[in-house]
Amino acid sequence: METSARIFLAGAGPGSADLLTVGLARLLARADIVLHDSLIGPDVLALARPGAELVDVGKRCGGKAHPQAEICRLLVEAGQSGALVLRLKGGDPMIFGRATEEMEALRAAGLDFEVVPGITAAAAAAAALAASLTKRDVSRAVHFLAAHGSEGGLPPHDWAALAAAGGTLAVYMGVRTLPMLAEKLMAAGMAPDMPAAAVENVSLPAQRIWRATLRTLPAILAGAAPSGPVLLLIGAALA
Ligand SMILES: C[S@@+](CC[C@H](N)C(=O)[O-])C[C@H]1O[C@@H](n2cnc3c(N)ncnc32)[C@H](O)[C@@H]1O
């Protein structure tokens, strides 16, 4: 990577080290300090330079860990030390990754940084399902939805617009709120037999897949009680 930056906000993909970019693997081999989310697996961290300082900043979604302000403070402090700093996030840093707060903190401190994209969970889940997120004349849009907001529950999305748009919904952080989300979509006119799928721990050995419909997926997932991160996909393209 041709750059003078010393601070990188990078996406490590959904878990498997096979899904890292070559650029990120090179950065891992050089970084002095790696500030990583809890979801970053041991296979990825094993690529860090021996002797690098690995700090779990514990940002597991929905979990209690370092508050975001504390992560920003640690990142700025690491950056100001002059070390080569890698802030490693799951998936892509620009999708539900709180990258905005961290970029603002770095800018406010006058620190240069670069962003390294990663494979987001929705793309990896589509690959695991061998199902395209888009389909000619059937699904012309993909909506990335957070199903858990700062309010602590399902955020107030425009359900009627989503149901009418006819695209694929890629739902992050949706296990707990899936029953309500499914109800909202069906009440807004989405067909109960709309194909829906869930992928837990995508790309990892513990990956599990459930294929169902909008109506049946909530009960299936409740019965399976997944403990790992789960990505939900809903839409006609999955048929
Ligand atoms: C805070 S969001 C981070 C998303 C991440 N930046 C991305 O681009 O994938 C965490 C959510 O991403 C999804 N996710 C992340 N890794 C996953 C995985 N390995 N398998 C399934 N879903 C995953 C889950 O919905 C999880 O609740």
Side-chain angles (χ1 to χ4, degrees), residues 10-24 39 41 44 61 89-97 99 115-148 154-155 157-175 177-178 181-186 188-221 224 226 228-239:
S16 165
D18 287 349
L19 299 185
L20 295 182
T21 61
V22 173
L24 178 53
L39 282 177
V44 171
C61 99
K89 295 164 174 288
D92 182 88
M94 306 307 223
I95 298 183
F96 306 131
V115 178
V116 181
I119 294 179
T120 191
L129 290 161
S132 176
L133 294 176
T134 58
K135 189 171 177 183
R136 196 173 163 88
D137 299 335
V138 172
S139 181
R140 296 179 160 113
V142 181
H143 307 271
F144 295 95
L145 292 191
H148 190 274
L154 189 63
H157 294 294
D158 185 341
W159 305 107
L162 288 170
T168 300
L169 307 184
V171 183
Y172 292 71
M173 300 167 272
V175 173
T177 53
L178 176 60
L181 177 136
E183 254 175 47
K184 295 268 187 202
L185 287 171
M186 288 187 285
M190 190 175 277
D193 63 355
M194 182 64 78
V199 187
E200 179 189 17
N201 288 317
V202 65
S203 82
L204 294 167
Q207 174 177 293
R208 290 197 288 172
I209 289 177
W210 298 272
R211 295 170 199 267
T213 65
L214 182 58
R215 188 176 59 78
T216 59
L217 190 61
I220 290 172
L221 216 52
V230 175
L231 193 286
L232 308 170
L233 292 174
I234 302 165
L238 303 177

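Just so it is clear, the values below take in all heavy atoms, side chains as well, and ignore hydrogens, waters and symmetry mates.
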Worked check of side chain to side chain contact (heavy atoms under 4.5 Å, CB included) between L154 and E183: CA-CA 12 Å; L154 189 63; E183 254 175 47; over 6 Å; no
Stepwise side chain to side chain contact (heavy atoms under 4.5 Å, CB included) check, L178 with V230: CA-CA 11 Å; L178 176 60; V230 175; over 6 Å; no
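Sparse packing is recorded around CZ of R215, with 12 or fewer heavy atoms of other residues, nucleotides or ligands lying under 6.0 Å away.
Looking at L169 and H157, their side chains never come closer than 4.5 Å, going by heavy atoms from C-beta outward. Looking only at side-chain heavy atoms (C-beta outward), P192 and T213 stay at 4.5 Å or farther from each other. Residues N201 and R208 fail the side-chain proximity criterion, which asks for heavy atoms closer than 4.5 Å. Using a 4.5 Å heavy-atom cutoff, the side chains of P195 and I234 are not in contact. Contact annotation: the side chain of P93 approaches that of V115 to within less than 4.5 Å [non-hydrogen atoms, C-beta and beyond].
Minimum heavy-atom separation, A147 to T177: O-OG1, 2.7 Å. Closest non-hydrogen pair, L24 versus A12, comes out as CD2-CA, 3.7 Å. The two residues L217 and A196 come nearest to each other via the heavy atoms CD2-CB, 3.9 Å. The two residues F96 and A146 make their nearest non-hydrogen contact at CZ-N, 3.3 Å. The nearest pair of heavy atoms linking Q207 to V199 is CG-CG1, 4.0 Å. Of all heavy-atom pairs between L232 and A198, the closest is CD2-CB, 3.6 Å.
Note that CG of L238 and CG of L133 are 7.5 Å apart. Values are rounded to the nearest 0.5 Å. Residue L185 holds its CG atom at 9.0 Å from CE of M194, rounded to the nearest 0.5 Å.
Residue pairs meeting the side chain to side chain donor-acceptor pair (under 3.5 Å) criterion with at least one partner in residues 158-173, sequence neighbours excluded, are T120-Y172, S139-T168.
Between K89 and D92 no salt bridge is recorded (no basic side-chain N to carboxylate O distance below 4.0 Å).
Test L181, L231, L233 against V171 for side chain to side chain contact (heavy atoms under 4.5 Å, CB included) and you get one pass: L181. Under the side chain to side chain contact (heavy atoms under 4.5 Å, CB included) test applied with V202, the options P229, S16, P14 reduce to a single match, P14.
A donor-acceptor pair is defined here as one N or O able to donate and one able to accept, closer than 3.5 Å; no such pair exists between the side chain of S132 and the backbone of K135.
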